[in-house]
Amino acid sequence: MCGIVGYVGRREAAALVLEALKRLEYRGYDSAGLAVNSGGRLLVEKTAGKISALETRLDGRLPKGHVALAHTRWATHGVPNEINAHPHTDCGGTIAVVHNGIIENWAPLRAALVKRGHKFRSETDTEVLAHLIEEAYGPAVPLETAVAWALKRVEGTYGISVLSTREPEKIVAARHGSPLLVGLGDGEYFIASDASAVLQHTRSVVYLDDDEIAVLSPDGYRVTDLETGRIEKPVSRVDWDLSSVEKGGFRHFMLKEIMEQPESIRNALRGRLLEDEGNAKLGGLNLTDEELLSFNRVVLTACGTSWHSALIGEYMLEELARIPTEVEYASEFRYRNPIVDEHTLVIGISQSGETADTLSALREAKRRGARTIGIVNVVGSTIAREVDGGIYIHAGPEIGVASTKAFSCQVVALGLLTLHLGRLRSLSVLQGREVVRALNRLPEQALDVLARASEVEKLVSVFEGTSNALYLGRGYNFPVALEGALKLKEISYIHAEGYPAAEMKHGPIALIDDSMPVVFIAPRDAVYQKIVSNIQEVKARRGRVIAVVTEGDDQIAGLADHLITIPETIDPFTPVLSVIPLQLLAYYIAVHRGKNVDQPRNLAKSVTVE
Ligand code: M6R
């Protein structure tokens, strides 16, 4: 989604913000722009397309100046062209605004501003902000006061940064629903929508909360509320390595992140397993055992890939912890009239910790008295800060738009939570130890699966010329079928459906012929014999079967056209291993088709608008 970077200091700002903006390319965008406060003038350059197109246009002639803003736009209001790209300026071209989010009441605001004589150039919702600020920015009014005045008139979500020629050493930034942080340097300050943009320059950051304004100048920064009352904010340290946001010799971030899974799973487990007690230690939950026992229901809420891991969590929590669990799309949950109360534990799962729908679902649950916890990757993200407690999955930065290592680590985190709740409720110490042993083996087993990557790559030929594929699984591997299909469609643009294997008979079976690849996820688990029958049904209709099976499986070997094997583990953790070949398969197919694997069309890494 959109990205913001700003700089005030003593260095040449344009080159710096453009480099920093490249760190946000992974979020997905369709146009880019830059504004530099240069010798009393505001120089603005924008273009449709990538940052490289903006650089080509500038042709090495970067505007000089020590204060700049840069932005990548993911179109919401108005097509992705040069005019609609940010920054947007006021009538006089002396105020520049970049904005992430959506101004919902832009239409009446724009109509009123036009009536008062303002001239609009773009079709965007953002431009109203530039004109509103212009209205309030009288001779004796500082920029931050004008910004606050404007923000009190808008509805919707925003992370904004503003420059003005009248106060050329200043950036004013504000947030409501779209993440922003201030990076603290020595005599220089940064504003960014994502820590990876400033990592190269500083690891000390201040996360803005909703309805806060930051004022940055080379002499310092301050954070205030919309009434300009000062707020003391804690300084956080970003622990990520710079190398973790670089490709490190891999052709794509997605491949790097798939390959990192043994290490990321190890990190998700580190220090959390109590082998003798057959239990998990989860310090961040902020819930006592008594409180955990007081819940009579769990609701898991998430979007996309995180929703798939939530489905696996539902199966685990019901089977091993014997607690009634439901999974809700966050976008549905927030607008229903959900039944949650103080006896409901609502768990939001999110890699980014910024997904607008998941955040709003958690806020709604909180409002209704539920306790909320987050299973989140990005430390310091909004969800992580707003929930009552949580589990960081420690997958490390995930840059590829297609989520991979976050999924496996989410399942591991759900496994840890299930183990802990299970030991409080129904699991014996011996059963708990079995779960601990299985979790401990996962990093090595994931490495084993990855060692077979070249076998998966050979399967690309099965998908040559195909425009449809079916993914089928049962039990814990039904959500893996959904995830495998999502991976394929989002990066290769092949239409793929994930289905519970038996449900296939109720419709999708009509699609099967000898040109249809059907991927079965069929490890030897409680529903193994059932899925063998489903494979037979597909073979009877001459479908081309690719099966992910447990090592040593002779039965499916005799049925499937192609086999990928994974090591044996207990049923709840089979998804951690079975998903890996499906991630690789989608990756190799997309590369073979020449697609932009890390930044697929139309997609954004974190969806911060609803
Ligand atoms: O950051 P989140 O986990 O909240 O993101 C949720 C989805 O937007 C995300 O999983 C999306 O579906 C990915 N592109 C899947 O690969």
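All residue numbers in this chain count up from 1 along the given sequence. Just follow the structure's listing: the first ligand is 1, and inside any ligand the first atom is 1.
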Note: ligand 1 atoms sitting under 4.0 Å from heavy atoms of Ala402 are 16 (O)

Specify the protein heavy atom at minimum distance from atom 8 (O) of ligand 1: its residue, its atom name, and the distance to 0.1 Å. Val607 CG2, 4.1 Å

Identify, by atom number and element, the atoms of ligand 1 in contact range of Lys487, meaning under 4.0 Å from any of its heavy atoms. 15 (C), 16 (O)

Result for side chain to side chain donor-acceptor pair (under 3.5 Å) between Lys405 and one of Glu257, Gln261, Glu260, Gln351 points to Glu260

Testing the 3.5 Å rule here: is there a donor-acceptor pair between the side chains of Asn477 and Ser578? yes

Min N/O separation Thr358 to ligand 1 under 3.5 Å: no

One finds that the ligand 1 atoms under 4.0 Å from a non-hydrogen atom of Gln351 are 1 (O), 2 (P), 3 (O), 4 (O)

May I ask you to list the atoms of ligand 1 that are less than 4.0 angstrom from any heavy atom of Ser306? 2 (P), 3 (O), 10 (O)

Between Gln583 and Tyr587: side-chain donor-acceptor atoms closer than 3.5 Å: no

Is the shortest heavy-atom distance from the side chain of Asn377 to the side chain of Cys409 under 4.5 Å? no

Whether His71 and His86 hold their rings parallel, tilted or perpendicular, with breakpoints at 30° and 60°: parallel

Please determine whether a side-chain nitrogen of the Lys or Arg among Lys366 and Asp388 lies less than 4.0 Å from a carboxylate oxygen of the Asp or Glu. yes

Cys303 heavy atoms within 4.0 Å reach ligand 1 at atoms 6 (C), 7 (C), 10 (O)

Using a strict cut-off of 4.0 Å, indicate which atoms of ligand 1 neighbour a heavy atom of Ser350. 1 (O), 2 (P), 3 (O), 4 (O)

Over-ring placement of Arg601 relative to Tyr493, 6.0 Å and 45° cut-offs: yes

I need the atoms of ligand 1 closer than 4.0 Å to a non-hydrogen atom of Ser352, numbered in the order shown. 1 (O), 2 (P), 4 (O)

Write out the residue and atom name of the closest protein heavy atom to atom 2 (P) of ligand 1, then the distance separating them to 0.1 Å. Thr355 OG1, 3.3 Å

What's the separation between atom CZ in Phe520 and atom CE in Met504, rounded to the nearest 0.5 Å? 5.0 Å

Below 3.5 angstrom, do we get any N/O pair linking Gln410 and ligand 1? no

Quick one: does any side-chain atom of Tyr329 pair with a main-chain N or O of Asp357 as donor and acceptor, under 3.5 Å? no

Show me which atoms of ligand 1 lie under 4.0 Å from any heavy atom of Val401. 13 (C), 14 (N), 16 (O)

To the nearest 0.1 Å, how far is atom 11 (C) of ligand 1 from its closest protein heavy atom, and which atom is that? Thr305 N, 4.2 Å

So which heavy atom in the protein is nearest atom 16 (O) of ligand 1, and how far is it from that ligand atom? Glu490 OE2, 2.5 Å

